[in-house]
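All remarks here apply to the structure that follows.
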Amino acid sequence: MSQDWTSGSDDSDKFDWDSDGEAEPSSAPATRNFDAPGPSTLSSNGWINGEAPPTSLIEGYVAMGFPKEMVVRSIKEIGHSDAEALLELLLTYKALGDDDDAVGNHSTSGCNPPIVEGNDDLDFENWNDDDDTGGRVSSSDDSGYEEFLREMSDKDEKINSLRDMGFSEDEANMAITICGVDADLSVLVDSISASQVTEVCHSRNLSDHQVTARCFDSFGGRKRARLIEESKKKRKRYGGGAQGKRPSSDGSDEESMPLPKPMVGFNLPGYRGPSMTRVLPELATGPPYFYYENVARAPKGVWAKITRFLFDIQPEFVDSLHLCAAARKRGYIHNLPTENRSPLLPLPPKTIFEAFPHYKKWWPSWDQRTHLNCLQTCMAPATVTERIQQKLSSSGNPPPQSVQKYVRHECSKWNLVWVGKDKAAPLEPHEMEYLLGFPKDHTRGVGKTQRYKSLGNSFQVDTVAYHLSVLRGMFPNGVRVLSLFTGIGGGEVALHKLGIHMRVVVSVEIGEANRQILRSWWDQTQTGTLIEIADVKSLKDDEIATYVRRFGGFDLVIGGSPCNNLAGSNRHHRDGLEGEHSSLFYDYFRILNSVKSAMANM
DNA sequence: CAAAGGATGACATCAGTA
DNA sequence: TACTGATGTCATCCTTTG
């Protein structure tokens with residue numbers, strides 16, 4: 001084998017870790033201001049995109065029998081550009097009211113009754129009171145909804161809305177504190193739901209369905225929860241789907257986040273695109289620098305939401321096939337500079353044959369792959385390779401088109417390589433290590449299945465290192481890193497290969513095998529301090545503040561939160577960002593803000 | 001009991017076509 | 001514009017094996 005398996009893991013002596021002079025990040029410290037307006041699409045006048053609906057539109061729905069306040073609330077939630085989605089939502093709300101009557105009383109759920117106030121505009125009990133012309137809403141009062149809007153401050157209004165939806169005032173306040181008073185109601189609901197899901201899920205080990213039902217039990221039982229969920233789905237479908245693709249009035253698209261073609265991020269070595277400069281909002285600038293990663297092809301709306309939480313920084317989508325021999329489509333959100341990046345040297349092999357020249361011998365001419373697909377956590381079962389071998393050996397050379405098509409499909413699907421005559425086989429763990437930029441045998445020592453899983457969940461080191469390379473000149477004395485969802489340490493290996501000394505790494509990783517892999521690598525290659533924590537949920541503000549005081553802050557917060565519920569491969573629980581595992585993104589967000597806050601108070 | 005093997009679609013995107 | 005087929009996806013669940 002002509003490849004250099006050990007490059008990058010033996011060069012730590014070339015760097016002067018002990019030079020004096022603490023480098024400071026180029027950007028000024030940003031004071032976390034919880035009252036500052038957060039990222040939002042809801043303008044100060046309360047309407048989505050700042051566009052008030054025509055009075056006639058509201059009157060039209062009122063004429064159809066919907067209470068005016070229900071119409072106002074619905075338009076404020078999803079806008080009025082998509083009539084079908086709006087009607088769906090109104091019908092759902094109306095169904096909720098009907099359902100509520102059918103259920104009879106709230107106490108059947110055994111939970112707290114909803115808090116209903118005098119100025120409640122989400123009163124399910126009265127909404128379906130079609131024939132009650134003497135109700136609270138006067139349909140002839142054109143200025144009613146405008147008065148209603150003026151009467152309440154934005155914050156009070158949102159707290160009331162959230163309380164109407166069954167959340168406590170504390171939860172509502174907390175969500176507004178975290179997301180900002182300007183945050184869209186749906187963002188606030190997502191924030192609370194996520195914390196409920198993660199809290200309850202982990203403390204009680206309930207299924208997602210149970211948790212969702214529990215979250216909504218307080219205002220009407222499971223049927224209501226189901227209706228709310230259906231409403232959300234419909235809103236998502238119509239709001240962001242085929243019919244909802246038109247941009248909003250300000251030119252942005254609320255839900256969809258189109259992936260760039262080619263997927264090369266802001267820049268890549270060898271790609272001479274237009275020089276890209278970006279101006280980050282003050283809240284987004286460091287210290288600390290942060291780096292967040294997840295799958296590019298997440299369900300619709302996920303990246304838009306992640307972006308909203310991470311200070312409206314646009315993701316950098318990169319397919320690692322432009323850097324190495326395997327595809328890996330990922331989105332990265334970070335506040336690092338994007339100029340003067342430099343790739344790891346030596347450059348990784350860029351094609352299958354460059355990586356594995358010996359496979360050329362058995363590679364059929366009709367399999368024209370030059371790159372492998374995304375390296376995943378599971379390998380092809382033996383039955384797949386057996387079927388391929390059987391089909392090929394029972395046909396001529398070249399095999400008929402139908403056989404070729406079948407074999408090509410299976411090879412692409414399972415990332416098979418040709419290791420013998422008619423013999424396609426899955427990659428070995430050490431080959432995955434090589435393609436992903438890890439030192440050979442990095443994951444050796446744990447079970448083979450575990451190695452595949454850990455590697456499939458990892459960073460592509462060269463890609464991440466290219467983005468992190470800008471840190472090299474900034475921290476000649478080394479960096480202090482908070483590493484969340486560390487896995488097998490892709491970020492750490494990238495920093496090491498860049499020659500950036502890690503003075504401290506506080507690593508949070510739930511998997512025992514992964515912690516063992518990182519610890520083993522650390523002991524072999526590093527001299528800094530490694531602190532290992534098992535669960536991000538256990539990392540609370542006080543402990544974060546303690547580390548910030550102890551180490552004088554962090555220079556980099558890095559991590560990719562679980563993709564289990566976002567990845568297309570997941571047949572069972574592709575539940576989006578609120579899924580059992582992927583909702584841990586909110587812990588990344590929480591911890592990052594906690595670090596920023598603690599560092600601002602230093 | 002732990003580890004490994006094998007079967008199990010949904011969904012978004014995109015290119016091609018009518 | 002709408003439809004169709006092809007492509008690809010940091011996985012989960014149940015059974016079997018050791």
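Side-chain contact between A:Val464 and A:Glu293: absent, with no pair of heavy atoms (C-beta onward) separated by less than 4.5 Å. With contacts defined as side-chain heavy-atom distances shorter than 4.5 Å, the pair A:Tyr434/A:Lys440 does not qualify.
To the nearest angstrom, C1' of C:dC10 lies 12 Å from CZ of A:Arg574. A:Asp575 places its CG atom 15 Å from the P atom of B:dA10, with the value rounded to the nearest Å. If you take NZ of A:Lys413 and P of C:dA6, they are 14 Å apart, rounded to a whole angstrom. Remark: C1' of C:dT9 and CG of A:Asn373 are 9 Å apart, rounded to the nearest angstrom. Distance CG (A:Leu584) to P (C:dC10): 18 Å, rounded to an integer number of Å. Between the CD atom of A:Gln450 and the P atom of C:dA11 there is a distance of 13 Å, given to the nearest Å. Atom C1' of nucleotide C:dA11 and atom CG of A:Leu375 are separated by 15 Å, given to the nearest angstrom. Distance A:Asn415 CG to C:dG8 C1': 10 Å, rounded to the nearest Å.
In this structure, A:His573 reaches the C:dC13 phosphate: one of its side-chain N or O atoms is under 4.0 Å from OP1 or OP2. Distances shorter than 4.0 Å separate some side-chain N or O of A:Gln376 from OP1 or OP2 on C:dA11. The side chain of A:Arg330 places an N or O atom within less than 4.0 Å of a non-bridging phosphate oxygen (OP1 or OP2) of C:dC10. An OP1 or OP2 oxygen of B:dG5 is reached within less than 4.0 angstrom by no side-chain nitrogen or oxygen of A:Thr383.
Of the candidate nucleotides C:dC10, C:dA11, B:dC11, C:dC10 has the atom lying nearest to any side-chain atom of A:Val295. Closest contact between the side chain of A:Ala327 and the listed nucleotides C:dT9, C:dT12, B:dT13 involves C:dT9. Closest to the A:Cys374 side chain, of the nucleotides B:dA7, C:dG8, C:dT9, is C:dT9. In this structure, of C:dC13, B:dA4, C:dA11, it is C:dA11 that holds the atom nearest to the side chain of A:Ser569. If you check B:dG6, C:dC10, C:dT12 against the side chain of A:Asn564, the one that comes closest is C:dT12. Nearest to the side-chain atoms of A:Pro381 among the listed nucleotides C:dC13, B:dG6, C:dC10 stands B:dG6. Among C:dT7, C:dA11, B:dA15, the nucleotide with an atom closest to any side-chain atom of A:Lys261 is B:dA15. Among C:dA6, C:dC10, B:dA7, the nucleotide with an atom closest to any side-chain atom of A:Arg387 is B:dA7. Checking C:dC10, B:dG9, B:dG6 against the side-chain heavy atoms of A:Ala382 singles out B:dG6 as nearest.
A donor atom on one side chain and an acceptor atom on the other are not found under 3.5 Å apart for A:Ser393 and A:Asp422.
Among the heavy atoms of the strands, none lies under 4.0 Å from A:Lys453. Within the 4.0 angstrom heavy-atom criterion, base atoms lie near A:Ser561.
Put simply, CD on A:Glu316 and CZ on A:Phe266 are 4.5 Å apart, with the number rounded to the nearest 0.5 Å. Once rounded to the nearest 0.5 Å, the distance linking OG of A:Ser594 with CG of A:Leu539 reads 7.5 Å.
Nucleotide B:dG9 has no partner under the Watson-Crick or G-U criteria, as no pair reaches both atom distances under 3.5 Å. Using N1 to N3 plus N6-O4 or O6-N4 for Watson-Crick, or N1-O2 and O6-N3 for G-U wobble, each under 3.5 Å, C:dC10 pairs with nothing.
Nearest-nucleotide mapping onto DNA chain B: of A:Thr449 and A:Asn570, the residue sitting toward the 5' end is A:Thr449.
Using P as the reference atom, B:dT8 and C:dC10 are 22 Å apart when rounded to the nearest Å.
A donor and an acceptor atom never sit less than 3.5 Å apart when one is taken from the side chain of A:Arg297 and the other from the base of B:dC11.
Of the candidates A:Phe485, A:Phe589, A:Phe585, A:Tyr292 forms a ring-ring contact (aromatic ring centres under 6.0 Å, His included) with just one, namely A:Phe585.
Distance alone, capped at 3.5 Å, is enough to place a donor-acceptor pair between the A:Asn415 side chain and the A:Cys374 backbone.
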